[in-house]
2 protein chains.
Amino acid sequence: MPTPPKTSRVEIIAAAGNLLSRHGVDALTMQAVADSVGVRAPSLYKHFADRSALLREVEQAAVAELEKVIQTAAKPKDDRGALKSIANAFRRFAREHPSQYNLIFTLQAGDADSQSARRRALHPVLQRLESCLGNPELAFLRARVLTAFLHGFVSMETAGAFKLGGNIDHAFAAGLDLILA
Amino acid sequence: MPTPPKTSRVEIIAAAGNLLSRHGVDALTMQAVADSVGVRAPSLYKHFADRSALLREVEQAAVAELEKVIQTAAKPKDDRGALKSIANAFRRFAREHPSQYNLIFTLQAGDADSQSARRRALHPVLQRLESCLGNPELAFLRARVLTAFLHGFVSMETAGAFKLGGNIDHAFAAGLDLILA
DNA sequence: GTCTATACTAAGATAGAC
DNA sequence: GTCTATCTTAGTATAGAC
């Protein structure tokens with residue numbers, strides 16, 4: 001009679017994501033994950049080839065979560081309203097899940113799948129900009145500017161820059177207004 | 001007769017910076033640095049309390065370099081010209097020294113000295129914006145927007161985003177124009 | 001200030017029994 | 001699929017002689 005499973009792929013990925021959230025990517029060791037799901041470390045290798053394979057899954061889950069967040073925010077009828085809503089949701093995601101965010105945006109571009117997943121997550125931005133500006137080329141350009149601003153702003157914010165006082169929310173809104181003018 | 005020095009603080013810092021440039025922060029181990037300057041690893045502890053102390057020095061050197069680059073670029077007489085020149089120099093620095101750049105901008109805010117050094121490096125940006133916009137409060141706000149855009153753009157660029165084609169330089173200039181409008 | 005020697009810790013990963 | 005046992009590698013850091 002074979003040994004019954006004590007855990008599963010999805011449970012392992014969830015536990016790893018939890019560890020990532022709470023203690024950062026360096027704490028996401030095979031040992032810690034194993035402890036977390038209640039098995040011994042070597043058992044994890046029956047589910048994932050190695051640590052990087054597990055890390056990729058965790059990243060995929062994070063991207064999927066971000067995509068959902070963005071889709072939910074992209075509801076407003078008017079394009080500018082939707083873009084601002086997306087921007088705020090994006091920022092909120094980064095603040096609530098800084099390690100996940102960091103994993104998504106600093107894991108080197110990665111394979112084609114991973115890249116297209118990221119692109120898909122941000123697709124509503126491009127879509128709304130196209131609808132807003134008419135010109136697809138201009139929209140593509142503007143999308144780069146907007147995502148650069150968003151990424152720069154939230155990564156500086158979560159890294160603890162912006163300690164100089166002043167109203168951070170105001171600065172964020174001002175940047176958005178400038179770019180969506 | 002005491003053992004003559006085979007190396008020095010400055011040489012160690014330089015070697016560590018070199019290692020950082022060429023192989024990234026993970027390659028900056030005490031062993032590798034020691035090999036690089038031609039001593040044994042334990043000898044380094046006569047010069048630096050521990051690895052993080054050395055890393056801080058390397059970061060300080062990188063910030064000083066960035067400051068110099070920005071100051072050199074801030075020469076043009078007209079404010080907008082100077083700001084664009086600074087932006088281009090900033091981007092060039094990030095492309096030429098991605099690991100240094102990353103160290104500066106992701107090492108958690110750090111001590112007060114480290115923070116003020118970063119602020120000083122970016123001071124010409126604030127100065128030019130004030131001269132340009134008149135209003136200091138508006139300039140401060142705009143400085144945050146501009147630095148967020150710059151940081152977001154160059155970090156996405158060096159991380160290998162922007163693989164979708166299109167003219168990257170053009171997107172950078174477009175963002176700059178939008179923010180400096 | 002440099003060295004040899006070594007302790008310590010930690011992580012990734014595999015072999016083979018059950 | 002899980003386990004115990006073990007390997008391998010690597011890095012930080014200290015002790016004490018010279």
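Please read all numbers here as calculations on a predicted model, not as lab measurements.
- The heavy-atom pair separating B:Phe140 from A:Gly166 by the smallest distance is CE2-CA, 4.4 Å.
- The separation between A:Leu44 atom CG and C:dA11 atom P is 14 Å, rounded to whole Å.
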Would you check, one step at a time, whether the test salt bridge (charged side-chain N to carboxylate O under 4.0 Å, His left out) holds for A:Lys68 with A:Glu65?
-> CA-CA 5 Å; A:Lys68 208 173 63 185; A:Glu65 173 69 18; 3.6 Å; yes
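- Heavy-atom distances to DNA chain C give each of A:Leu28 and B:Gly38 a nearest nucleotide, and the one nearer the 5′ end belongs to B:Gly38.
- Salt bridge annotation for B:Arg56-B:Asp113: absent, with no cationic side-chain nitrogen under 4.0 angstrom from a carboxylate oxygen.
- Atom C1' of nucleotide C:dA11 and atom CG of A:Asp35 are separated by 13 Å, given to the nearest angstrom.
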Protein proximity profile, nucleotides 13-18 of chain C - base contact B, sugar-phosphate-only contact S, no contact -, cut-off 4.0 Å on heavy atoms | BB----
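- Rounding to whole angstrom units, CD of residue B:Gln31 and P of D:dT12 are separated by 9 Å.
- A donor-acceptor distance shorter than 3.5 angstrom exists from the side chain of A:Ser155 to the backbone of A:His151, with no hydrogens or angles considered.
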Please step through salt bridge (charged side-chain N to carboxylate O under 4.0 Å, His left out) for the pair B:Arg91 and B:Asp169, ending with a clear verdict.
-> CA-CA 10 Å; B:Arg91 182 174 171 222; B:Asp169 295 344; 2.9 Å; yes
Mind running side chain to side chain donor-acceptor pair (under 3.5 Å) on A:Asp111 and A:Gln115 for me, showing each step along the way?
-> CA-CA 6 Å; A:Asp111 50 70; A:Gln115 265 186 278; over 6 Å; no
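- At its two ends the helix from C:dG1-D:dC18 to C:dC18-D:dG1 runs along axes set 0° apart, each axis drawn from five pairs and the angle rounded to 10°.
- Rounding to whole angstrom units, CG of residue A:Leu55 and P of C:dG12 are separated by 10 Å.
- An OP1 or OP2 oxygen of D:dG1 is reached within less than 4.0 angstrom by no side-chain nitrogen or oxygen of A:Ser43.
- The existence of a salt bridge linking A:Arg118 and A:Glu67 is excluded, since no basic side-chain nitrogen approaches an acidic carboxylate oxygen closer than 4.0 Å.
- Between A:Arg51 and A:Tyr45, every side-chain heavy-atom pair lies at or beyond the 4.5 Å cut-off.
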